[in-house]
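Everything on this sheet refers to the single structure shown next.
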Amino acid sequence: MSLRHRSTLTAALVALVLAEPVAAQDEVEVGTGVVLRWVDKITTESGDLEIANASAGNIGRMRVELGECRYPAGNPAGDAYAFLTVHPEDAAPPIFSGWMLASSPALNAVEHQRYDIWVLRCTTQ
């Protein structure tokens, strides 16, 4: 399955999940940023990266941009979801752009040969 086909399928699945009636959706709050965990599949090194909303950070040569991080209203420890754009290098086109959910990191996984990245939680301060 090609990367483009996989991305289209993933986007369709997310759209279906998020297509509940507005009245049935839980209220959310916007955090101040996100905490991501990453692992280097070659060196087995891992770490956490904190990024503020509308900012970016680097994991190796990859650039990770955060739109915003949201969490259930009144429950910052609840399921976080963040809008991320990931570039394999600073000037390269993105290899991922979309919502990533802390509770389902494999639903929208970053397709990269060296790094795995997933959302841990939103920051609130």
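Between the side chain of D40 and the backbone N or O of Y115, no donor-acceptor pair lies under 3.5 Å. Put simply, the side chain of T43 gets close to the backbone of E45: a donor and an acceptor are under 3.5 Å apart. Put simply, the side chain of H112 gets close to the backbone of R114: a donor and an acceptor are under 3.5 Å apart. Formation of a donor-acceptor pair under 3.5 Å by the N58 side chain with backbone atoms of G60 is not found in this model. A donor-acceptor distance shorter than 3.5 angstrom exists from the side chain of H87 to the backbone of A92, with no hydrogens or angles considered. The closest donor-acceptor contact from the side chain of T123 to the backbone of G33 lies under 3.5 Å. A distance-only check finds no donor-acceptor pair linking the side chain of E89 to the backbone of M62 [under 3.5 Å]. A distance-only check finds a donor-acceptor pair linking the side chain of N53 to the backbone of G31 [under 3.5 Å].
Residues C69 and F83 fail the side-chain proximity criterion, which asks for heavy atoms closer than 4.5 Å. Within the 4.5 Å cutoff, the side chain of C122 has no heavy atoms near those of the V34 side chain. Under the 4.5 Å side-chain criterion, counting only non-hydrogen atoms from C-beta, W118 is not in contact with V110. A heavy-atom distance below 4.5 Å is not found between the side chains of Y81 and M100. The side-chain heavy atoms of V64 and I117, taken from C-beta on, include a pair separated by under 4.5 Å. Residues I51 and L36 form a side-chain contact, since some pair of their non-hydrogen atoms from C-beta on lies under 4.5 Å apart. A heavy-atom distance below 4.5 Å is found between the side chains of L66 and L84.
Distance check: R70 CZ to D79 CG gives 13.0 Å after rounding to the nearest 0.5 Å. Distance CH2/W38 to CG/D116: 11.5 Å, rounded to 0.5 Å.
Using a 4.5 Å cut-off between side-chain heavy atoms of Ile, Leu, Val, Met, Phe, Trp and Tyr, with links allowed through other members, Y71 and W99 fall into different hydrophobic clusters.
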Subject >> Working for side chain to side chain donor-acceptor pair (under 3.5 Å), residues T124 and T32 >> reply: CA-CA 5 Å; T124 57; T32 58; 5.9 Å; no
Original post:
Could you go step by step and tell me if L101 and V119 meet the side-chain contact (heavy atoms from CB on, under 4.5 Å) rule?
Top reply: CA-CA 7 Å; L101 289 75; V119 174; over 6 Å; no
